[in-house]
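Worksheet: the structure to be examined is printed underneath.
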There are 2 protein chains.
Amino acid sequence: MTTMVDVAKLANVSNATVSRVFSNPDAVSKDTKEKVLKAAEELNYELNVLARNLRRMKTEVIMVILPDISNSFFSKIVRGIESVAMKNNYKVLLGDTKNDLDLEKEYLKNLDQKYADGVISLTARIDAELIKEISDKFNMVLACEYIDEESIPTVSINNVEGAYKATEHLINLGHEKIVHISGPEDVILSQDRIKGYKNALNEYNLSVDADLIIEGDFSYKSGYNIMSKLIKFNKTPTAVFADSDQMAIGAIKAIKEHGLKVPEDIAVVGFDNIEIASIYEPSLTTISQPMYKIGVKAMQLLLDLMGNKKIENNKIQLESKLIIRDSCGYKSR
Amino acid sequence: MTTMVDVAKLANVSNATVSRVFSNPDAVSKDTKEKVLKAAEELNYELNVLARNLRRMKTEVIMVILPDISNSFFSKIVRGIESVAMKNNYKVLLGDTKNDLDLEKEYLKNLDQKYADGVISLTARIDAELIKEISDKFNMVLACEYIDEESIPTVSINNVEGAYKATEHLINLGHEKIVHISGPEDVILSQDRIKGYKNALNEYNLSVDADLIIEGDFSYKSGYNIMSKLIKFNKTPTAVFADSDQMAIGAIKAIKEHGLKVPEDIAVVGFDNIEIASIYEPSLTTISQPMYKIGVKAMQLLLDLMGNKKIENNKIQLESKLIIRDSCGYKSR
DNA sequence: CTCATAAATGTATTCGATTACATTTATCTA
DNA sequence: TAGATAAATGTAATCGAATACATTTATGAG
């Protein structure tokens, strides 16, 4: 294997100079630089990242922790993260927790071993204490999911507001019995959306019925199961607001299977605006989250953190938007 | 920062012994081990992976190169890869090429810098020469896409066979004018599927019309556009076999928009069996690929490669399966 | 042209763990 | 119990690049 020493010998300079050519080229004269690069070329030299990393005590790698990479919601965010990471010479390590809290913990804990310079976590389900503790030691950014903790940099939409918009839309269409299929209730994001849902009902003088708030897990299957049960037990609502497009589509599938129609019999609103939302039939009215942008912002925040830049605003809230399609119809009051 | 030297001092042993406790525990007596671990615990010592990596000239990281992580076909494979990687103490670096050949090249070329111990590439669109060259130097496995090169370990399904099954199914339902929306034709996988499509037609004494083979790029959009054009120019077929579920669904969308019905007017078969295939309406008849398993096998192969194990079979072919759903109906001959 | 200063390069140490080789200690055999 | 062998531990070199500090060379001011 060719090392800097070999290049230095051939170019007739010191290894320090060779190193400078690669890591701090401005400190080397033009002639020397050329000489070194030529020698490197000739020897097919490639810088050994392993050695650089040790010396610099940096990995140039960040880790992304998420519940499921095959969920397009998360993978879109990852794309945003990676694009910014790449431009800044960082690589992205994947930490798919498979929705397993132990795995989530393991990924986070091993960071002491310096296999990454920072983390972006798209999930925050383990105890807040631990998350806080880790974020005190490491460069960590939360995105999408978050915990109630002042000090941790976070990128997300305003979930209270998003849920409010979705619920309000249904109310404006004349619905009064609106089922809310929520995400896991120990996730603050879900709590916020429940808040938004309730706020909207209150605002429009509709009563809040705790039975109409049913906990799902964001998955297609849970939406399907919950809806099936509702219909089977004669608790069919006139409208459903689900915390993910997957659950919304699962619910629609169940509705159709029971011979009912969307939106004629039941109106459905989803959340996220993933790709299928526009392709599915009926196309899905939903609250869109700027996935790619969330990734971009999270990575930028992490770069600032890692560069020890001063963060002026560590809670970034991006815009969500109500996208009206066919799954709610235009039923009037 | 606490290092092995600190631990060694506290435990009153040499640093070599401390190292052994962590990397080769069997070589150390029980008493010493305990003493060392206690000291490490007390000092909150964490092994520095950076240093270990340099010394061992290993990263314990593999890289996965793919065209688009937000495409669920690829992300399912990644999950398979990651699960095996994790069990074997490898981490997974993400290389999303965004379908950009230059990026694909860049990821591959930088491997000389030793930032990964091996690669699994789910895309093989750059020139075969270069791929071959890289695979000679590095541990590399191709999965899904492949090139025509004896020596490179590859995991895939038999695409000729898969396409044959899809086409045969349509023929058995009585179709004679079957459009094949193929993948990019410079990808061998697409060529193989075209071969399978033609084989089936020949086998059943149907003529092969080159105009019926139209090149797409696997995307929803390309399926939609191709189908729209066909209908607009009065070249509507009675059946469509698309090289991806996305293109199939795009085609269905176009068909519906022109007031035609699937499967009544046009039967559609997809490829891959991604999640939407069963959820979409009509649910999609398709050729299923074992995505997760492809990932698993690819990673196992790579582990063998990296461990310098002898590979007895470097071309692994997994089973594809025809999944019959609603998008073809039961039209009889 | 000289001296002061800046730019370029070189020397040698360092990052922290691993490991070849050397030495000490324990275990076993006859 | 001596001597042989195995197990445990220690010493010191090593991985390859980065960098603090020292030295040399170039540049500019007067």
Side-chain angles (χ1 to χ4, degrees), chain A residues 1-41 43-61 89 91 110-117, chain B residues 1-41 43-61 89 91 110-117:
Chain A
M1 168 191 276
T2 325
T3 74
M4 278 192 174
V5 179
D6 303 320
V7 177
K9 268 184 201 144
L10 183 61
N12 221 352
V13 295
S14 75
N15 52 334
T17 298
V18 178
S19 172
R20 285 186 195 107
V21 169
F22 291 104
S23 61
N24 184 15
D26 292 343
V28 183
S29 76
K30 195 163 155 263
D31 288 359
T32 317
K33 214 177 316 188
E34 270 170 18
K35 208 164 52 172
V36 169
L37 287 175
K38 194 163 147 270
E41 173 85 41
L43 293 172
N44 248 316
Y45 170 74
E46 287 287 343
L47 190 139
N48 186 320
V49 176
L50 257 30
R52 162 181 284 187
N53 286 350
L54 171 59
R55 187 53 230 249
R56 290 198 173 158
M57 223 36 103
K58 288 227 253 160
T59 61
E60 307 213 298
V61 161
N89 264 311
K91 298 194 184 60
N110 288 337
L111 287 165
D112 314 46
Q113 303 183 350
K114 305 221 177 307
Y115 66 72
D117 297 340
Chain B
M1 171 192 276
T2 325
T3 75
M4 279 193 173
V5 179
D6 303 319
V7 176
K9 268 184 200 141
L10 182 61
N12 219 356
V13 296
S14 75
N15 53 333
T17 299
V18 178
S19 172
R20 284 187 195 104
V21 170
F22 291 104
S23 62
N24 184 17
D26 292 343
V28 183
S29 76
K30 198 164 153 262
D31 287 358
T32 317
K33 213 179 317 190
E34 270 168 18
K35 209 165 48 173
V36 169
L37 287 175
K38 195 162 145 274
E41 172 87 40
L43 293 172
N44 248 316
Y45 170 74
E46 287 286 344
L47 191 139
N48 186 320
V49 175
L50 257 29
R52 161 182 284 189
N53 285 350
L54 171 59
R55 187 55 231 247
R56 291 196 174 160
M57 226 28 108
K58 288 227 253 163
T59 62
E60 307 213 298
V61 162
N89 263 311
K91 297 194 183 60
N110 288 337
L111 287 165
D112 314 44
Q113 302 185 348
K114 303 222 178 310
Y115 66 73
D117 297 341

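Order of the sequence lines fixes the chain letters, A, B, ..., with proteins taken first and strands second; residue numbering starts at 1 for each chain.
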**Message:** Classify V28(A) by what it touches in the nucleic acid, base, sugar-phosphate, or nothing, heavy-atom distance under 4.0 Å.
**Reply:** sugar-phosphate
**Prompt:** How long is the line joining CE of M1(A) and P of dA17(D), in whole Å?
**Reply:** 8 Å
**Sugar-phosphate only, base, or nothing, as touched by V18(A) at under 4.0 Å among non-hydrogen atoms** = nothing
**Message:** If I take atom CD in residue Q113(B) and atom C1' in nucleotide dG16(D), what distance separates them, rounded to the nearest angstrom?
**Reply:** 14 Å
**Prompt:** When we call it a touch if two heavy atoms are under 4.0 Å apart, what does T17(B) touch: a base, just sugar-phosphate, or nothing?
**Reply:** sugar-phosphate
**Asked** What does V13(A) touch in the nucleic acid at a heavy-atom separation under 4.0 angstrom: a base, only the sugar-phosphate, or nothing?
**Response** sugar-phosphate
**Asked** Can you tell me if N53(B) and T59(B) form a side-chain donor-acceptor pair at under 3.5 Å?
**Response** no
**Complete:** Of the candidates dG16(D), dT18(C), dG16(C), the side chain of N48(B) sits closest to dG16(C)
**Prompt:** For M4(B) and dT14(D), what is the distance between atoms CE and P respectively, to the nearest whole Å?
**Reply:** 20 Å
**Message:** Are there over 12 heavy-atom neighbours, none belonging to K33(B), within less than 6.0 Å of that residue's NZ?
**Reply:** yes
**Item:** Selection from dA8(D), dA17(D), dA17(C) that lies nearest to any side-chain heavy atom of S29(B)
**Value:** dA8(D)
**Fill in**
Picking from dG10(D), dT9(C), dA13(D), the nucleotide nearest the side-chain atoms of S14(B) would be dG10(D)
**Message:** Whether R55(A) contacts dT14(C) is assessed here as follows: a side-chain N or O lying under 4.0 Å from the phosphate OP1 or OP2. Is that the case?
**Reply:** no
**Message:** Please evaluate residues L37(A) and F22(A) with respect to the criterion side chain to side chain contact (heavy atoms under 4.5 Å, CB included), reporting the C-alpha separation (whole Å), side-chain torsions for both, the decisive distance (0.1 Å), and the verdict.
**Reply:** CA-CA 9 Å; L37(A) 287 175; F22(A) 291 104; 4.2 Å; yes
**Message:** Has D117(A) got a side-chain atom pairing as donor or acceptor with K58(A)'s backbone, closer than 3.5 angstrom?
**Reply:** no
**Item:** Protein-nucleotide distance (E46(A), atom CD; dA17(D), atom P), rounded to Å
**Value:** 11 Å
**Prompt:** The side chain of N15(B) lies closest to which of these nucleotides: dA18(D), dT9(C), dT11(D)?
**Reply:** dT11(D)
**Under-4.0 Å side-chain N/O to phosphate OP1/OP2 contact, S19(B) with dT18(C)** = yes
